[in-house]
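Small disclaimer: the values here were computed from a predicted structure and weren't measured.
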Amino acid sequence: MQITDPLLTKKEAAAILNISVPTLYRRVADGTIPRPLKIGALSKWALSDILGTIEDAKAARNLGA
């Protein structure tokens, strides 16, 4: 089996976005970052969701928002 969209921990997701873990959860609460996938008690973010957040921010910047 090949993993095409790896799941990230909160620390890994925050590191990619260059933010702290508390800021990650604040951005989830305000809808800027997608909610994590719940696997039992674990919270994981798909790499594609984190990269999509970056692309959304770039698009908003280009629109002047």
query: What's the verdict on side-chain contact (heavy atoms from CB on, under 4.5 Å) for L7 and I39, showing C-alpha distance, side-chain angles and the deciding distance?
result: CA-CA 11 Å; L7 299 178; I39 303 171; 3.6 Å; yes
Validation: residues 49-59 side-chain donor-acceptor distances under 3.5 Å, sequence neighbours left out:
| unit_1 | atom_1 | unit_2 | atom_2 | d |
| --- | --- | --- | --- | --- |
| T53 | OG1 | D49 | O | 3.0 |
| E55 | OE2 | K58 | NZ | 3.3 |

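Side-chain contact check for L8 versus K44: every heavy-atom pair is 4.5 Å or farther apart. Side chains of S43 and L37 form no contact here, defined as non-hydrogen atoms less than 4.5 Å apart.
For the side chain to side chain contact (heavy atoms under 4.5 Å, CB included) test, no residue two or more places apart in sequence or in another chain qualifies with N18. Applying the salt bridge (charged side-chain N to carboxylate O under 4.0 Å, His left out) criterion to R35, with sequence neighbours excluded, gives no partner residue. Looking at residues two or more places apart in sequence or on another chain, you find a side chain to side chain contact (heavy atoms under 4.5 Å, CB included) between S20 and P22, T23. Contacts of D5 classified as salt bridge (charged side-chain N to carboxylate O under 4.0 Å, His left out), with partners at least two apart in sequence or in another chain: none.
Each ring pair (Phe, Tyr, Trp, His ring centres under 6.0 Å) pair with one or both residues in residues 25-53, not counting sequence neighbours, appears once here: Y25-W45.
Rounded to the nearest 0.5 angstrom, I33 CD1 and L24 CG are separated by 5.0 Å.
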